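FYI, side chains are in, hydrogens and waters are out, and symmetry mates aren't considered; it's all heavy atoms of this structure. Only a predicted model underlies this, so the values are computations on that prediction, with no experimental measurement involved.
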Amino acid sequence: MKKEVLFYQLNMPRQNQLSLFDDHNKTIVDKVSDFIQSSQSDNKDDFNEDNFYVDNDSSSITQINRISTDYLFGSYGKLNRIKDSNLMRGRESKGFKVVPLKDLLEDFTYFFLDLTSLKLVIIKNSKIHNIKKGFPNFLMNHFRLTSLYEKIELVNLLSDEITNSLGAKHQVTKIKYSYQPDKLPDNEFVTFREISEIETKQIKTATVSIEFKTNTIIDGIRESLDRFKDHKDKFKEMKLDNDQETINFMENQVSKKAFLELKEDQLEDEDYIFNQLKKFIENA
């Protein structure tokens, strides 16, 4: 199976205010080094609370699997609490005997961060939506970087301006767009609104997703972009997807795609995934 790999560059502007802890000249590498020394001095095993960061606001958890002053490798996940009211249970793969599910379920993915280049690669998991906010929070809070850096942003690494890379014809697999709540057109949802007697002011958001047959080619993408600019204030999101890239009309960016080939028995093979993500970083 193919798993898409996301590439980011960390943008970390320095904090202007002087730190009260006399560490203003330190870097993230210094802080990671402090963390490693502190963990080793406590004589803890590899599986301890220092290797986890839980963000209760976003129900996310970051686990450090391997760490050095050169890199961080681990997993980032979204926690889902199992409630007694949910009709959900586990079964054995052989015999299908019912087995209990305990406490929490986690949708997760793997990441590799190069601490020298500040490049980050993450295996995409469509069920995780908050990583651009959650991962910087992990770095800031877990390694105590707030006195050093004003903020941490994840910037798409394999991106370019649309005008620099977009041809006249383009292959497309999906187009997705969302309207601003106060800009809903009267002719888009006429049938549903007539049946349900819904007023525009009652709609919080409206998203349209159009999926195309394989190898569909659309002419005049540049012209479409020019027309879109005249109506940009009506949309919250406008994206065009194919197997090689995502075109974000709102941000005027084209993001290239890369893929990791994974067999079923490699999904939790930490050594294999570590080495593959490391190669992606080296070639980025």
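Shown are Asp107, Asn130, Thr109; of these, the side-chain hydrogen bond (donor to acceptor under 3.5 Å, both in side chains) with Tyr76 is made only by Asn130. When each of Phe280, Phe274, Phe135 is paired with Phe111, the ring-ring contact (aromatic ring centres under 6.0 Å, His included) condition holds for Phe135 and for no other.
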So Leu148 and Ile28, side chain to side chain contact (heavy atoms under 4.5 Å, CB included) or not? Walk me through it. CA-CA 8 Å; Leu148 306 183; Ile28 184 173; over 6 Å; no
Checking side chain to side chain contact (heavy atoms under 4.5 Å, CB included) for the pair Gln15/Tyr149: CA distance, chi angles, key distance, verdict? CA-CA 4 Å; Gln15 186 68 260; Tyr149 301 101; 5.7 Å; no
Side chain to side chain contact (heavy atoms under 4.5 Å, CB included), that's the test. Do Leu267 and Met1 meet it? Break it down for me. CA-CA 10 Å; Leu267 288 173; Met1 71 186 78; 4.2 Å; yes
With salt bridge (charged side-chain N to carboxylate O under 4.0 Å, His left out) as the criterion, how do Asp34 and Arg144 come out once you've worked through the C-alpha distance, each side chain's angles and the decisive distance to 0.1 Å? CA-CA 10 Å; Asp34 292 345; Arg144 301 176 182 176; over 6 Å; no
With ring pair (Phe, Tyr, Trp, His ring centres under 6.0 Å) as the criterion, how do Phe35 and His142 come out once you've worked through the C-alpha distance, each side chain's angles and the decisive distance to 0.1 Å? CA-CA 9 Å; Phe35 173 83; His142 200 64; 5.2 Å; yes
Show the numbers, then the answer: is there a salt bridge (charged side-chain N to carboxylate O under 4.0 Å, His left out) between Glu270 and Arg66? CA-CA 10 Å; Glu270 186 176 303; Arg66 303 184 188 185; 3.2 Å; yes
May I have the step-by-step check of side chain to side chain contact (heavy atoms under 4.5 Å, CB included) for Val32 and Phe143, ending in yes or no? CA-CA 6 Å; Val32 168; Phe143 297 106; 4.1 Å; yes
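Between Val5 and Ile122, the closest side-chain pair of non-hydrogen atoms is not below 4.5 Å. In this structure the side chain of Ile273 reaches within 4.5 angstrom of the side chain of Leu277, judged on heavy atoms. Looking only at side-chain heavy atoms (C-beta outward), Glu237 and Lys176 come within less than 4.5 Å of each other. Residues Asp70 and Leu115 form no side-chain contact, since every pair of their non-hydrogen atoms from C-beta on lies 4.5 Å or further apart. Contact of the Leu145 side chain with the Lys31 side chain is registered, since non-hydrogen atoms from C-beta on lie closer than 4.5 Å. Considering only heavy atoms from C-beta on, Asn156 stays 4.5 Å or farther from Phe7 through its side chain. Counting heavy atoms from C-beta outward, Leu6 and Leu157 have side chains that stay 4.5 Å or more apart. At least one side-chain heavy atom of Lys232 sits less than 4.5 Å from a side-chain heavy atom of Met250.
Side-chain contact of Gln9 with Asn11: a donor-acceptor pair under 3.5 Å is absent, judged by distance alone.
To the nearest 0.5 angstrom, Asn125 atom CG is 8.5 Å from Phe108 atom CZ. To the nearest 0.5 angstrom, Glu282 atom CD is 10.0 Å from Ser117 atom OG. To the nearest 0.5 Å, atom CD of residue Glu261 and atom CD of residue Gln266 are 8.5 Å apart. Distance check, rounded to the nearest 0.5 Å: NZ of Lys239 to CG of Asn248 gives 5.5 Å. Distance check: Met12 CE to Glu153 CD gives 11.0 Å after rounding to the nearest 0.5 Å. For the atom pair Lys133 NZ and Ser60 OG, the distance stands at 9.5 Å (nearest 0.5 Å).
Under the 4.5 Å side-chain heavy-atom criterion for Ile, Leu, Val, Met, Phe, Trp and Tyr, Val155 and Met140 are members of distinct hydrophobic clusters. In the hydrophobic cluster analysis, where Ile, Leu, Val, Met, Phe, Trp and Tyr join through side-chain heavy atoms closer than 4.5 angstrom, Leu101 is grouped apart from Val98. No chain of hydrophobic side-chain contacts below 4.5 Å, direct or via other Ile, Leu, Val, Met, Phe, Trp or Tyr residues, connects Phe112 to Phe259. In this structure, Tyr8 is a member of the same hydrophobic cluster as Val29, with clusters built from ILVMFWY side-chain heavy atoms closer than 4.5 Å.
Counting all heavy atoms, side chain and backbone alike, Leu139 lies closest to Leu72 at CD2-CD1, 3.9 Å. Residue Val54 comes nearest to Asn56 through the heavy atom pair CG1-OD1, 3.6 Å, listed as atom of the first residue, atom of the second, then distance. Taking each heavy atom of Leu113 and Leu118 in turn, the nearest pair found is CD1-C, 4.2 Å. In plain terms, the two heavy atoms of Lys151 and Pro13 that are nearest each other are O-CD, 3.5 Å. Heavy atoms only, all atoms of each residue included: Asp30 and Asn25 are closest at OD2-O, 4.4 Å. Residues Pro136 and Ile131 share a closest heavy-atom pair of CD-O, 3.5 Å.
Note on Asp241 versus Lys257: salt bridge recorded, some NZ/NE/NH1/NH2 to OD/OE distance being below 4.0 Å. Using a cut-off of 4.0 Å between Lys/Arg side-chain N and Asp/Glu carboxylate O, Lys2 and Glu4 are scored as not salt-bridged.
With sequence neighbours excluded, the residues satisfying side-chain contact (heavy atoms from CB on, under 4.5 Å) with Glu92 are Lys97, Val99.
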